[in-house]
There are 2 protein chains.
Amino acid sequence: MARPRGATRERILDVALELFNEQGYDKTSLRQIADRLGVTKAALYYHFERKEDILLELHLRLHEIGRNLLDQFDLLEDEGAIVAAWPRLLDQFVDDMVANRELFLMHERNQNALMVLEGNERHESENEDLEQRFRRLMSNPEIPLEQRVRMTCSVGAVFIGLMSAGASIFGEASDEVVPFVRKAARAAFSSSED
Amino acid sequence: MARPRGATRERILDVALELFNEQGYDKTSLRQIADRLGVTKAALYYHFERKEDILLELHLRLHEIGRNLLDQFDLLEDEGAIVAAWPRLLDQFVDDMVANRELFLMHERNQNALMVLEGNERHESENEDLEQRFRRLMSNPEIPLEQRVRMTCSVGAVFIGLMSAGASIFGEASDEVVPFVRKAARAAFSSSED
DNA sequence: GTCTATATTTCGATAGAC
DNA sequence: GTCTATCGAAATATAGAC
């Protein structure tokens with residue numbers, strides 16, 4: 001079976017992502033992944049040392065997205081620039097979520113499972129850094145508290161809006177929904193209406 | 001040990017909720033719950049037939065909150081009334097979340113575990129009903145799509161805003177944060193700013 | 001209502017042949 | 001790279017005494 005290099009590994013990750021979203025990480029056994037893939041459990045161990053490492057690899061792809069977003073803040077000079085740049089970053093976040101919905105879904109549905117990655121070296125080095133940068137941003141007293149709260153709320157609006165659309169809650173194509181989500185999120189951040 | 005009736009059962013639920021939030025449902029063994037409570041594993045089986053039933057009981061308390069909210073929609077006559085009533089319901093939702101933060105946190109962090117309740121009779125009868133009523137509301141074509149999307153987004157703003165506050169992301173007392181969350185959520189729903 | 005002891009199952013992980 | 005076979009650990013759940 002001469003398959004392109006890394007193809008099987010990639011297929012394992014695809015199937016695992018599917019199953020983690022269907023039934024959760026903990027309820028998904030390596031046997032199930034292997035079965036759906038048409039191989040045996042032992043074969044998986046050639047590609048991943050531990051079950052945990054499959055979850056980790058998927059999670060790291062989200063890290064990269066988060067890092068890209070946070071990196072853009074480091075380019076900004078003062079708190080005024082951050083607030084001014086937020087709508088653009090919000091749009092970027094929408095794009096990221098639309099393009100990687102399954103990954104975001106996994107993160108949402110398996111938060112408890114992701115806790116086992118605490119203690120994992122490869123994860124810690126990256127994650128600590130990301131979380132610290134995020135907390136620093138959100139507890140920065142130079143930005144008025146209301147602005148910081150609204151930044152967070154606008155992210156929540158995007159997140160739940162797009163997740164609901166993905167779950168076909170609205171019964172319409174998500175192409176139509178996305179612009180409304182952008183609008184709602186922007187309003188959550190910057191409207192001064194009372 | 002003459003304890004008030006149902007007191008042990010209640011303590012089990014308290015400790016379980018704690019542990020489920022700390023490390024997740026799947027990673028929490030009955031042994032851990034028993035240890036923290038100062039009893040043995042077998043004793044838990046006197047109060048709950050299965051581990052799953054502990055999770056179910058906690059989850060049903062959220063059902064009740066959700067049902068209370070949805071019930072208020074049944075009192076409304078047309079789609080205009082629904083849209084008009086939304087800000088009030090949003091405020092109600094904020095109050096519910098503040099008063100039951102731990103329960104909401106459990107639901108957020110253990111979505112994968114909650115999937116095992118699918119198939120549970122006691123759960124299905126209630127849940128199907130709730131979910132159907134919610135989906136009917138959100139796919140009601142008499143309400144403009146944008147309004148429905150914004151309803152959902154406003155809930156997301158509340159949810160993520162309050163969860164972040166609870167996790168001390170902002171570094172301030174959540175008393176100060178709550179009003180800003182209300183404002184952001186209201187804006188996400190009804191601002192027409194561009 | 002709580003205990004000790006044990007049955008039963010499931011799963012992650014490894015060894016070694018091909 | 002994939003297989004068969006198996007180990008060992010851990011967890012849920014049960015039986016029966018107190």
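Quantities reported herein were computed from a predicted structural model and do not represent experimental measurements. By convention in this document, chain letters (A, B, ...) are assigned in the order of the sequence lines, proteins followed by strands, and residues within each chain are numbered from 1.
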Determine: side-chain N/O of Thr40(A) to OP1/OP2 of dC3(D), distance under 4.0 Å, yes or no. yes
Once salt bridge (charged side-chain N to carboxylate O under 4.0 Å, His left out) is applied, what residue pairs with a partner in residues 89-104 of chain A remain, sequence neighbours excluded? Asp91(A)-Arg182(A), Asp95(A)-Arg182(A)
d(CG, Asp35(A); P, dC11(C)) in whole Å: 11 Å
Separation of atom CG in Leu37(B) from atom C1' in dG1(C), rounded to whole Å: 13 Å
Using atom CD1 of Ile54(A) as one end and atom P of dC11(C) as the other, report the distance to the nearest whole Å. 15 Å
Rounded to whole Å, how long is the line connecting atom NE2 of His47(A) with atom C1' of dC3(D)? 13 Å
Return the value, rounded to whole Å, for the distance between atom CZ of Arg11(A) and atom P of dT2(D). 9 Å
Does the pair Arg122(B)/Glu126(B) count as a salt bridge with the N-to-O cut at 4.0 Å? no
Scan for side-chain hydrogen bond (donor to acceptor under 3.5 Å, both in side chains) pairs involving residues 43-54 of chain A, sequence neighbours excluded, and state none if there are none. Arg50(A)-Asp53(A), Glu52(A)-Asn120(A)
With sequence neighbours excluded, residues passing salt bridge (charged side-chain N to carboxylate O under 4.0 Å, His left out) with Glu146(A): Arg150(A), Lys183(B)
Rounded to the Å, how far apart are Phe48(B) CZ and dT2(C) P? 12 Å
I'd like to check the salt bridge (charged side-chain N to carboxylate O under 4.0 Å, His left out) partners of Glu22(B); sequence neighbours left out, ordered by chain and number. Arg36(B)
Could you run down nucleotides 12-18 of chain D 5' to 3' and tag each one B, S or - for protein heavy-atom contact under 4.0 Å? BBB----
Residues at least two apart in sequence or cross-chain that pass salt bridge (charged side-chain N to carboxylate O under 4.0 Å, His left out) with Asp78(A), listed by chain then number, are none
